[in-house]
Amino acid sequence: FLPEFQGRGAFSPMTFYFREAVRCRLTSPKLRLYFLNNTIGPQAYQMAAKYVWRSYPSPRYPFIPRVEQSILDHCSGFFNWGPPDDGYPFTRRMPLRASIEPHALDTSKPYIRFFLEHNPRYTDGYGIPYIIPVAMTNFVPSSLLYVRHIVTRSVRNLRRILLHKFGAST
C-alpha cells in the first residue's frame with residue numbers, strides 16, 4: 001500500500017478501492033469493470049471473499065468464468081505474478097510472502113478453509129488472485145452482507161455488555 005494508507009487498519013485501503021471503483025463506474029457506466037487483487041494470506045482473502053457477493057474464486061463461486069479467467073491471465077504478467085502452482089489452478093507465485101503460520105488460523109471459517117485447501121503453499125510465496133465484477137448486481141448484495149455483519153456484531157456486543165452489567169438472567 002502507499003505510505004498514506006499504511007497503518008490505518010484494513011478498511012482504509014478497502015475504502016480507497018471502493019471509492020475508485022465507484023468513480024470508475026460513474027464516469028464509465030457502460031464499461032464492464034472488474035476489481036483485481038491478490039491475497040497472500042488467509043485473513044486478507046477472507047476479508048475480500050466474505051463480504052463480496054460475487055468474487056472469483058470463493059466458496060460461493062469455486063470457479064472462474066472464462067472472461068474473468070482471461071482478464072486474470074492477462075494481468076498476471078503485468079503484476080509480475082507467476083504461473084499457477086501445479087495442482088492448484090487458483091494460485092500464483094507472488095512477490096510477497098505471508099507470515100502467518102497455519103496453526104494460528106481458525107479453520108472452522110469456510111473462507112479460511114477454502115484458502116488453505118486451494119493454496120497450501122501460501123507461506124512459500126503463493127497467493128490467490130481474485131477478481132470482482134464492479135456492478136450494481138454485485139454491489140447491492142455485497143452491501144447487504146456487510147450490513148448484516150455489522151448489525152450481528154453490534155447485537156452480540158450489546159448482549160455481552162448487558163450480560164456483564166446485569167449478570168445472566170435466570
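Trp53 has its side chain out of reach of Tyr146: every pair of non-hydrogen atoms, C-beta onward, lies at least 4.5 Å apart. With contacts defined as side-chain heavy-atom distances shorter than 4.5 Å, the pair Met94/Pro129 qualifies. In this structure, the side chains of Phe35 and Val52 stay at 4.5 Å or more apart for every pair of heavy atoms. The shortest distance between side-chain heavy atoms of Arg121 and Asp85 falls below 4.5 Å. Side-chain contact between Tyr130 and Ser58: absent, with no pair of heavy atoms (C-beta onward) separated by less than 4.5 Å. Side-chain contact between Tyr126 and Pro120: absent, with no pair of heavy atoms (C-beta onward) separated by less than 4.5 Å. In this structure the side chain of Thr39 never reaches within 4.5 angstrom of the side chain of Tyr122, judged on heavy atoms. Looking only at side-chain heavy atoms (C-beta outward), Ile132 and Asn138 come within less than 4.5 Å of each other.
The CG atom of Asn38 sits 11.0 Å away from the CG atom of Asn80 when rounded to the nearest 0.5 Å. Between the CD1 atom of Ile64 and the OG atom of Ser70 there is a distance of 10.5 Å, given to the nearest 0.5 Å. With values rounded to the nearest 0.5 angstrom, Arg92 atom CZ is found 12.0 Å from Asn119 atom CG.
Contact between Leu33 and Cys24 at its shortest, heavy atoms only, is CD2-CB, 3.6 Å. Closest approach of Ser55 and Ala49 over heavy atoms only: OG-CA, 3.9 Å.
When atom types are taken as modelled, the side chain of Arg93 and the backbone of Asp124 share a donor-acceptor pair closer than 3.5 angstrom.
Note: His118 and Phe114 meet the aromatic proximity criterion, with ring centroids under 6.0 Å apart.
Only one option out of Gln43, Lys50, Arg60, Gln46 pairs with Tyr111 in a side-chain hydrogen bond (donor to acceptor under 3.5 Å, both in side chains); it is Arg60.
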Candidate pair Leu162 and Arg159, rule side chain to side chain contact (heavy atoms under 4.5 Å, CB included), full reasoning: CA-CA 5 Å; Leu162 291 174; Arg159 184 172 186 262; 5.8 Å; no

field: Chi angles and distances behind the side chain to side chain contact (heavy atoms under 4.5 Å, CB included) call for Tyr88, Ile128
entry: CA-CA 10 Å; Tyr88 300 99; Ile128 296 181; over 6 Å; no

Side chain to side chain contact (heavy atoms under 4.5 Å, CB included) assessment of Glu117 paired with Thr107: CA-CA 10 Å; Glu117 287 170 2; Thr107 56; over 6 Å; no

- request: Output, in order, the C-alpha distance, side-chain angles, deciding distance and verdict of side chain to side chain contact (heavy atoms under 4.5 Å, CB included) for His164 and Arg160.
  value: CA-CA 6 Å; His164 178 72; Arg160 190 175 318 144; 5.7 Å; no

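Within a 6.0 Å radius of CG in Asp86, other residues, nucleotides and ligands contribute 12 heavy atoms or fewer.
One hydrophobic cluster, built from ILVMFWY side chains closer than 4.5 Å, cannot hold both Ile161 and Val151; they sit in different ones. Two different hydrophobic clusters hold Leu31 and Leu36 under the rule that ILVMFWY side chains link at heavy-atom gaps under 4.5 Å. Residues Phe78 and Ile40 share a single hydrophobic cluster, defined by chaining ILVMFWY side chains whose heavy atoms lie under 4.5 Å apart. Both Tyr45 and Leu145 are part of a single hydrophobic cluster, where members link through side-chain heavy atoms under 4.5 Å apart. Placement of Phe166 and Leu158 within a single hydrophobic cluster is found when ILVMFWY residues are connected by side-chain heavy-atom separations under 4.5 Å, directly or transitively.
Taking the six-membered ring for Trp and thresholds of 30 and 60 degrees, Tyr56 and Phe63 have ring planes inclined between 30 and 60 degrees apart.
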